[in-house]
Number of protein chains: 2
Amino acid sequence: MQWGYVPFLYFVAVLGLEAAMQKECRIIKALQNKLTYQQRLQYMKHYFPINYTVNVQFEEVLRASNITRLRDENVSELSLRCLWLSVNSQVLLKIWAVLLEKHPSWEYIQDLCLLFEQLAEEYEDCNQGKVDTNVWDVVEQVLTSDAGSSQKAVYPKVLLDNCVKVMRMLYSESCE
Amino acid sequence: MQWGYVPFLYFVAVLGLEAAMQKECRIIKALQNKLTYQQRLQYMKHYFPINYTVNVQFEEVLRASNITRLRDENVSELSLRCLWLSVNSQVLLKIWAVLLEKHPSWEYIQDLCLLFEQLAEEYEDCNQGKVDTNVWDVVEQVLTSDAGSSQKAVYPKVLLDNCVKVMRMLYSESCE
(Lines give C-alpha, C1' and ligand atoms only; values in the text may rest on other atoms or scores of the structure.)
Protein backbone atom coordinates (compact mmCIF):
# COMPACT_ATOMS: atom_id res chain seq x y z
CA MET A 1 0.00 0.00 0.00
CA GLN A 2 1.28 3.41 -0.86
CA TRP A 3 1.61 5.82 2.08
CA GLY A 4 -0.38 8.36 0.13
CA TYR A 5 -3.51 6.28 0.68
CA VAL A 6 -3.31 6.43 4.50
CA PRO A 7 -4.91 9.87 5.01
CA PHE A 8 -7.58 8.90 2.46
CA LEU A 9 -8.44 5.62 4.25
CA TYR A 10 -8.43 7.45 7.58
CA PHE A 11 -10.81 9.97 6.08
CA VAL A 12 -13.11 7.17 4.80
CA ALA A 13 -13.03 5.44 8.21
CA VAL A 14 -13.92 8.67 10.01
CA LEU A 15 -16.73 9.28 7.55
CA GLY A 16 -18.04 5.73 8.16
CA LEU A 17 -17.89 6.19 11.93
CA GLU A 18 -19.59 9.56 11.60
CA ALA A 19 -22.37 8.04 9.46
CA ALA A 20 -22.91 5.19 11.98
CA MET A 21 -23.04 7.69 14.84
CA GLN A 22 -25.53 9.83 12.93
CA LYS A 23 -27.77 6.82 12.36
CA GLU A 24 -27.52 5.81 16.05
CA CYS A 25 -28.39 9.38 17.09
CA ARG A 26 -31.34 9.49 14.71
CA ILE A 27 -32.74 6.38 16.41
CA ILE A 28 -32.06 7.84 19.87
CA LYS A 29 -33.83 11.03 18.81
CA ALA A 30 -36.83 8.96 17.62
CA LEU A 31 -36.82 7.12 20.97
CA GLN A 32 -36.76 10.44 22.84
CA ASN A 33 -39.77 11.61 20.83
CA LYS A 34 -41.66 8.41 21.65
CA LEU A 35 -40.68 8.38 25.31
CA THR A 36 -41.80 11.85 26.41
CA TYR A 37 -43.23 12.08 29.93
CA GLN A 38 -46.70 12.70 28.50
CA GLN A 39 -46.65 9.50 26.42
CA ARG A 40 -45.20 7.39 29.23
CA LEU A 41 -47.92 8.70 31.52
CA GLN A 42 -50.70 8.02 29.03
CA TYR A 43 -49.65 4.62 27.65
CA MET A 44 -47.95 3.14 30.71
CA LYS A 45 -50.01 4.57 33.57
CA HIS A 46 -53.43 5.86 32.50
CA TYR A 47 -54.06 2.89 30.19
CA PHE A 48 -53.18 0.30 32.84
CA PRO A 49 -55.20 -0.63 35.94
CA ILE A 50 -54.14 1.15 39.14
CA ASN A 51 -51.17 -0.57 40.83
CA TYR A 52 -50.66 -2.98 37.91
CA THR A 53 -47.14 -4.40 37.80
CA VAL A 54 -45.09 -6.41 35.31
CA ASN A 55 -42.75 -9.16 36.51
CA VAL A 56 -39.18 -8.62 35.38
CA GLN A 57 -35.82 -10.02 36.38
CA PHE A 58 -34.05 -8.19 39.18
CA GLU A 59 -31.31 -7.19 36.67
CA GLU A 60 -33.88 -5.64 34.34
CA VAL A 61 -34.48 -2.80 36.79
CA LEU A 62 -31.60 -0.70 35.43
CA ARG A 63 -31.52 2.66 37.17
CA ALA A 64 -29.38 5.78 36.69
CA SER A 65 -27.65 4.91 39.99
CA ASN A 66 -26.49 1.56 38.52
CA ILE A 67 -24.86 3.41 35.63
CA THR A 68 -23.13 5.84 37.99
CA ARG A 69 -21.76 2.91 40.00
CA LEU A 70 -20.58 1.05 36.89
CA ARG A 71 -18.90 4.20 35.57
CA ASP A 72 -17.09 4.53 38.90
CA GLU A 73 -15.86 0.97 38.30
CA ASN A 74 -14.47 2.17 34.93
CA VAL A 75 -16.84 0.06 32.85
CA SER A 76 -16.61 1.19 29.20
CA GLU A 77 -19.34 3.33 27.64
CA LEU A 78 -19.85 0.64 24.96
CA SER A 79 -20.54 -1.93 27.70
CA LEU A 80 -23.02 0.41 29.39
CA ARG A 81 -24.88 1.02 26.12
CA CYS A 82 -24.97 -2.71 25.37
CA LEU A 83 -26.38 -3.33 28.85
CA TRP A 84 -29.05 -0.62 28.49
CA LEU A 85 -29.96 -1.90 25.02
CA SER A 86 -30.38 -5.54 26.01
CA VAL A 87 -32.17 -4.79 29.30
CA ASN A 88 -34.71 -2.48 27.69
CA SER A 89 -35.29 -4.70 24.65
CA GLN A 90 -36.31 -7.44 27.09
CA VAL A 91 -38.35 -5.10 29.29
CA LEU A 92 -40.34 -3.88 26.29
CA LEU A 93 -41.05 -7.45 25.19
CA LYS A 94 -42.30 -8.25 28.70
CA ILE A 95 -44.68 -5.27 28.70
CA TRP A 96 -45.79 -6.16 25.17
CA ALA A 97 -46.51 -9.75 26.25
CA VAL A 98 -49.24 -8.66 28.68
CA LEU A 99 -51.12 -6.69 26.01
CA LEU A 100 -53.62 -7.84 23.41
CA GLU A 101 -53.27 -6.34 19.93
CA LYS A 102 -56.31 -4.13 20.50
CA HIS A 103 -55.03 -2.64 23.75
CA PRO A 104 -54.47 1.12 23.26
CA SER A 105 -50.81 0.79 24.35
CA TRP A 106 -50.00 -2.16 22.07
CA GLU A 107 -48.92 -0.09 19.05
CA TYR A 108 -46.91 2.27 21.24
CA ILE A 109 -44.84 -0.61 22.61
CA GLN A 110 -44.53 -2.13 19.13
CA ASP A 111 -43.05 1.14 17.83
CA LEU A 112 -40.55 1.22 20.69
CA CYS A 113 -39.58 -2.43 20.07
CA LEU A 114 -38.93 -1.63 16.40
CA LEU A 115 -36.68 1.32 17.32
CA PHE A 116 -34.73 -0.90 19.73
CA GLU A 117 -34.35 -3.52 16.98
CA GLN A 118 -32.96 -0.85 14.65
CA LEU A 119 -30.58 0.28 17.37
CA ALA A 120 -29.43 -3.30 18.00
CA GLU A 121 -28.40 -3.52 14.32
CA GLU A 122 -26.00 -0.64 14.97
CA TYR A 123 -24.43 -2.49 17.90
CA GLU A 124 -22.62 -5.40 16.32
CA ASP A 125 -19.90 -4.79 18.89
CA CYS A 126 -22.16 -5.91 21.72
CA ASN A 127 -20.51 -9.30 22.08
CA GLN A 128 -18.55 -11.18 24.67
CA GLY A 129 -15.20 -9.99 23.30
CA LYS A 130 -15.93 -6.27 23.44
CA VAL A 131 -18.12 -5.92 26.51
CA ASP A 132 -16.60 -5.85 30.03
CA THR A 133 -16.88 -9.26 31.69
CA ASN A 134 -19.02 -8.29 34.69
CA VAL A 135 -21.47 -6.43 32.44
CA TRP A 136 -21.52 -9.29 29.92
CA ASP A 137 -22.62 -11.70 32.66
CA VAL A 138 -25.65 -9.48 33.33
CA VAL A 139 -26.38 -9.08 29.59
CA GLU A 140 -26.30 -12.86 29.15
CA GLN A 141 -28.50 -13.42 32.19
CA VAL A 142 -31.05 -10.94 30.85
CA LEU A 143 -31.01 -12.35 27.31
CA THR A 144 -31.38 -15.96 28.41
CA SER A 145 -34.12 -15.03 30.94
CA ASP A 146 -32.18 -16.96 33.56
CA ALA A 147 -34.73 -18.89 35.60
CA GLY A 148 -32.48 -18.65 38.65
CA SER A 149 -32.69 -14.85 38.71
CA SER A 150 -35.04 -13.32 41.26
CA GLN A 151 -38.16 -11.62 39.94
CA LYS A 152 -39.45 -8.17 40.74
CA ALA A 153 -42.94 -6.69 40.21
CA VAL A 154 -42.50 -3.22 38.73
CA TYR A 155 -44.95 -0.59 37.42
CA PRO A 156 -44.68 -0.39 33.60
CA LYS A 157 -44.21 3.38 33.73
CA VAL A 158 -41.31 3.02 36.18
CA LEU A 159 -39.61 0.62 33.75
CA LEU A 160 -39.82 3.17 30.93
CA ASP A 161 -38.83 6.02 33.28
CA ASN A 162 -35.63 4.09 34.04
CA CYS A 163 -35.12 3.50 30.32
CA VAL A 164 -35.33 7.24 29.57
CA LYS A 165 -33.14 8.38 32.48
CA VAL A 166 -30.35 5.97 31.55
CA MET A 167 -30.70 6.84 27.83
CA ARG A 168 -30.09 10.51 28.70
CA MET A 169 -26.99 9.58 30.71
CA LEU A 170 -25.56 7.51 27.89
CA TYR A 171 -26.39 9.61 24.83
CA SER A 172 -26.97 13.24 25.79
CA GLU A 173 -23.36 14.23 25.12
CA SER A 174 -22.71 12.26 21.93
CA CYS A 175 -26.13 12.88 20.35
CA GLU A 176 -26.77 16.53 21.20
CA MET B 1 -115.55 5.94 49.64
CA GLN B 2 -118.18 5.41 47.01
CA TRP B 3 -117.94 2.07 45.20
CA GLY B 4 -117.99 3.90 41.88
CA TYR B 5 -114.45 5.11 42.57
CA VAL B 6 -112.95 1.61 42.85
CA PRO B 7 -112.57 0.86 39.12
CA PHE B 8 -111.16 4.37 38.66
CA LEU B 9 -108.55 3.91 41.43
CA TYR B 10 -107.68 0.48 40.07
CA PHE B 11 -107.23 2.07 36.66
CA VAL B 12 -104.93 4.76 38.14
CA ALA B 13 -102.89 2.11 40.04
CA VAL B 14 -102.49 0.01 36.90
CA LEU B 15 -101.43 3.10 34.97
CA GLY B 16 -98.83 3.92 37.66
CA LEU B 17 -97.48 0.36 37.65
CA GLU B 18 -97.36 0.41 33.87
CA ALA B 19 -95.44 3.72 33.88
CA ALA B 20 -92.94 2.37 36.46
CA MET B 21 -92.47 -0.81 34.41
CA GLN B 22 -91.93 1.24 31.26
CA LYS B 23 -89.25 3.30 32.99
CA GLU B 24 -87.58 0.16 34.35
CA CYS B 25 -87.64 -1.40 30.87
CA ARG B 26 -86.21 1.74 29.30
CA ILE B 27 -83.23 1.50 31.70
CA ILE B 28 -82.87 -2.24 31.00
CA LYS B 29 -82.91 -1.48 27.26
CA ALA B 30 -80.20 1.15 27.77
CA LEU B 31 -78.15 -1.39 29.74
CA GLN B 32 -78.57 -3.96 26.96
CA ASN B 33 -77.29 -1.41 24.44
CA LYS B 34 -74.26 -0.66 26.63
CA LEU B 35 -73.54 -4.31 27.42
CA THR B 36 -73.33 -5.79 23.92
CA TYR B 37 -70.74 -8.55 23.44
CA GLN B 38 -68.64 -6.21 21.30
CA GLN B 39 -68.45 -3.53 24.00
CA ARG B 40 -67.77 -6.03 26.79
CA LEU B 41 -64.96 -7.50 24.69
CA GLN B 42 -63.45 -4.12 23.90
CA TYR B 43 -63.74 -2.36 27.27
CA MET B 44 -63.37 -5.32 29.62
CA LYS B 45 -60.93 -7.57 27.74
CA HIS B 46 -58.95 -5.75 25.05
CA TYR B 47 -58.37 -2.69 27.23
CA PHE B 48 -57.10 -4.73 30.20
CA PRO B 49 -53.79 -6.58 30.50
CA ILE B 50 -53.94 -10.29 29.65
CA ASN B 51 -55.14 -12.40 32.61
CA TYR B 52 -55.96 -9.33 34.71
CA THR B 53 -58.47 -10.08 37.46
CA VAL B 54 -60.54 -8.04 39.89
CA ASN B 55 -61.05 -9.22 43.47
CA VAL B 56 -64.72 -9.57 44.37
CA GLN B 57 -66.65 -11.29 47.14
CA PHE B 58 -67.59 -14.88 46.48
CA GLU B 59 -71.28 -13.82 46.48
CA GLU B 60 -70.64 -11.22 43.78
CA VAL B 61 -70.09 -13.95 41.21
CA LEU B 62 -73.80 -14.25 40.40
CA ARG B 63 -74.29 -16.72 37.56
CA ALA B 64 -77.37 -17.82 35.60
CA SER B 65 -77.15 -21.17 37.42
CA ASN B 66 -77.57 -19.38 40.78
CA ILE B 67 -80.79 -17.81 39.53
CA THR B 68 -82.10 -21.16 38.28
CA ARG B 69 -81.40 -22.71 41.69
CA LEU B 70 -83.05 -19.82 43.56
CA ARG B 71 -86.10 -20.03 41.30
CA ASP B 72 -86.34 -23.74 42.08
CA GLU B 73 -86.41 -22.72 45.74
CA ASN B 74 -89.40 -20.45 44.92
CA VAL B 75 -87.53 -17.22 45.62
CA SER B 76 -89.65 -14.30 44.37
CA GLU B 77 -88.76 -12.48 41.15
CA LEU B 78 -88.51 -9.20 43.09
CA SER B 79 -85.91 -10.78 45.39
CA LEU B 80 -83.92 -12.03 42.41
CA ARG B 81 -83.94 -8.61 40.76
CA CYS B 82 -82.88 -6.95 44.01
CA LEU B 83 -80.04 -9.44 44.31
CA TRP B 84 -78.88 -8.90 40.73
CA LEU B 85 -79.12 -5.11 41.16
CA SER B 86 -77.10 -4.93 44.38
CA VAL B 87 -74.47 -7.47 43.27
CA ASN B 88 -73.81 -5.74 39.95
CA SER B 89 -73.83 -2.23 41.43
CA GLN B 90 -71.01 -3.38 43.71
CA VAL B 91 -69.19 -5.26 40.95
CA LEU B 92 -69.19 -2.16 38.72
CA LEU B 93 -67.82 -0.01 41.55
CA LYS B 94 -65.03 -2.55 42.09
CA ILE B 95 -64.05 -2.49 38.41
CA TRP B 96 -64.29 1.31 38.39
CA ALA B 97 -62.01 1.49 41.44
CA VAL B 98 -59.06 -0.03 39.54
CA LEU B 99 -59.28 2.53 36.73
CA LEU B 100 -57.88 6.03 36.47
CA GLU B 101 -60.15 8.66 34.92
CA LYS B 102 -58.11 8.64 31.70
CA HIS B 103 -58.34 4.88 31.21
CA PRO B 104 -60.31 4.16 28.01
CA SER B 105 -62.82 2.00 29.95
CA TRP B 106 -63.45 4.54 32.72
CA GLU B 107 -66.33 6.36 31.02
CA TYR B 108 -67.92 3.09 29.94
CA ILE B 109 -68.08 1.86 33.55
CA GLN B 110 -69.26 5.28 34.71
CA ASP B 111 -72.19 5.12 32.25
CA LEU B 112 -73.11 1.65 33.50
CA CYS B 113 -72.93 2.81 37.13
CA LEU B 114 -75.29 5.69 36.35
CA LEU B 115 -77.80 3.32 34.72
CA PHE B 116 -77.66 1.04 37.76
CA GLU B 117 -78.23 4.06 40.02
CA GLN B 118 -81.31 5.01 37.97
CA LEU B 119 -82.55 1.44 38.20
CA ALA B 120 -82.02 1.37 41.98
CA GLU B 121 -84.33 4.40 42.27
CA GLU B 122 -87.08 2.25 40.72
CA TYR B 123 -86.55 -0.46 43.34
CA GLU B 124 -87.71 1.09 46.56
CA ASP B 125 -89.15 -2.32 47.42
CA CYS B 126 -85.66 -3.83 47.74
CA ASN B 127 -85.74 -3.85 51.52
CA GLN B 128 -85.67 -6.38 54.29
CA GLY B 129 -89.47 -6.61 54.49
CA LYS B 130 -90.07 -7.41 50.83
CA VAL B 131 -87.06 -9.53 49.89
CA ASP B 132 -86.89 -13.24 50.81
CA THR B 133 -84.80 -13.77 53.93
CA ASN B 134 -82.07 -15.99 52.44
CA VAL B 135 -81.60 -13.58 49.52
CA TRP B 136 -81.63 -10.57 51.86
CA ASP B 137 -78.72 -12.04 53.82
CA VAL B 138 -76.67 -12.17 50.62
CA VAL B 139 -77.74 -8.64 49.60
CA GLU B 140 -76.71 -7.32 52.99
CA GLN B 141 -73.40 -9.16 52.87
CA VAL B 142 -72.64 -7.68 49.44
CA LEU B 143 -73.69 -4.16 50.40
CA THR B 144 -71.66 -4.11 53.61
CA SER B 145 -68.64 -5.70 51.87
CA ASP B 146 -68.52 -8.23 54.69
CA ALA B 147 -64.86 -8.71 55.56
CA GLY B 148 -65.55 -12.30 56.54
CA SER B 149 -66.64 -13.23 53.01
CA SER B 150 -64.10 -15.11 50.90
CA GLN B 151 -62.63 -13.28 47.95
CA LYS B 152 -62.39 -14.43 44.35
CA ALA B 153 -60.20 -13.13 41.51
CA VAL B 154 -62.39 -12.83 38.42
CA TYR B 155 -61.78 -11.47 34.90
CA PRO B 156 -63.68 -8.17 34.46
CA LYS B 157 -65.32 -9.41 31.26
CA VAL B 158 -66.60 -12.53 33.05
CA LEU B 159 -68.22 -10.31 35.68
CA LEU B 160 -70.11 -8.34 33.02
CA ASP B 161 -70.93 -11.54 31.08
CA ASN B 162 -72.63 -12.83 34.25
CA CYS B 163 -74.44 -9.50 34.63
CA VAL B 164 -75.86 -9.71 31.09
CA LYS B 165 -76.87 -13.38 31.26
CA VAL B 166 -78.78 -12.89 34.52
CA MET B 167 -80.34 -9.64 33.23
CA ARG B 168 -81.74 -11.56 30.26
CA MET B 169 -83.18 -14.22 32.57
CA LEU B 170 -84.86 -11.63 34.78
CA TYR B 171 -86.15 -9.14 32.23
CA SER B 172 -86.50 -10.74 28.80
CA GLU B 173 -90.17 -11.62 29.37
CA SER B 174 -91.37 -8.48 31.10
CA CYS B 175 -89.38 -6.01 28.97
CA GLU B 176 -89.76 -7.49 25.50
Side-chain angles (χ1 to χ4, degrees), chain A residues 33-57 60-61 88-113 116 145 147 151-164, chain B residues 33-57 60-61 88-113 116 145 147 151-164:
Chain A
N33 291 340
K34 269 261 160 223
L35 286 164
T36 59
Y37 174 73
Q38 200 45 50
Q39 288 173 95
R40 279 178 279 143
L41 189 70
Q42 180 182 357
Y43 293 110
M44 293 294 106
K45 186 164 181 172
H46 295 159
Y47 290 1
F48 276 89
I50 293 169
N51 289 334
Y52 183 79
T53 54
V54 177
N55 284 328
V56 294
Q57 286 185 63
E60 284 166 347
V61 187
N88 285 289
S89 300
Q90 291 302 307
V91 160
L92 284 169
L93 290 176
K94 285 189 181 172
I95 300 176
W96 212 21
V98 302
L99 301 176
L100 289 164
E101 203 174 329
K102 290 183 180 167
H103 189 284
S105 302
W106 190 88
E107 212 174 287
Y108 176 72
I109 295 291
Q110 186 191 37
D111 290 348
L112 288 172
C113 284
F116 268 88
S145 298
Q151 297 282 306
K152 217 173 163 181
V154 189
Y155 298 129
K157 181 172 168 292
V158 168
L159 290 167
L160 292 204
D161 289 349
N162 289 341
C163 173
V164 169
Chain B
N33 292 339
K34 269 262 160 222
L35 286 164
T36 60
Y37 173 74
Q38 200 46 50
Q39 287 173 97
R40 278 177 280 142
L41 190 69
Q42 180 182 355
Y43 293 109
M44 293 295 104
K45 188 166 179 169
H46 294 160
Y47 290 0
F48 276 89
I50 292 170
N51 289 334
Y52 182 79
T53 55
V54 177
N55 284 330
V56 294
Q57 286 186 63
E60 285 166 346
V61 187
N88 285 287
S89 300
Q90 291 302 307
V91 160
L92 284 169
L93 289 177
K94 283 188 181 172
I95 300 176
W96 212 22
V98 303
L99 301 176
L100 290 163
E101 204 174 330
K102 289 183 181 168
H103 189 284
S105 302
W106 190 88
E107 212 174 288
Y108 176 71
I109 295 291
Q110 186 191 38
D111 290 349
L112 288 172
C113 284
F116 268 87
S145 297
Q151 297 282 307
K152 217 175 163 180
V154 189
Y155 298 128
K157 181 171 169 291
V158 168
L159 289 167
L160 291 203
D161 289 349
N162 289 341
C163 173
V164 169

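Convention: sequence-line order gives letters A, B, ...; per-chain numbering from 1.
Scanning residues 91-98 of chain A against chain B with a 4.5 Å non-hydrogen threshold yields A:Ala97, A:Val98, sorted by number. Listed in order of number, the residues of residues 34-44 of chain A that approach chain B to under 4.5 Å between heavy atoms amount to none.
Residues satisfying the ring pair (Phe, Tyr, Trp, His ring centres under 6.0 Å) criterion with A:His46, sequence neighbours excluded, are absent altogether. In this structure B:Val158 satisfies the side chain to side chain contact (heavy atoms under 4.5 Å, CB included) test together with B:Val154, B:Tyr155, B:Asn162, sequence neighbours excluded.
The 12-atom threshold is not exceeded at CD of B:Glu107, counting heavy atoms of other residues, nucleotides or ligands nearer than 6.0 Å. Environment of NZ in A:Lys157: crowded, with over 12 heavy atoms of neighbouring residues, nucleotides or ligands closer than 6.0 Å.
Both the backbone and the side chain of B:Phe48 come within contact range of chain A, with heavy atoms under 4.5 Å apart.
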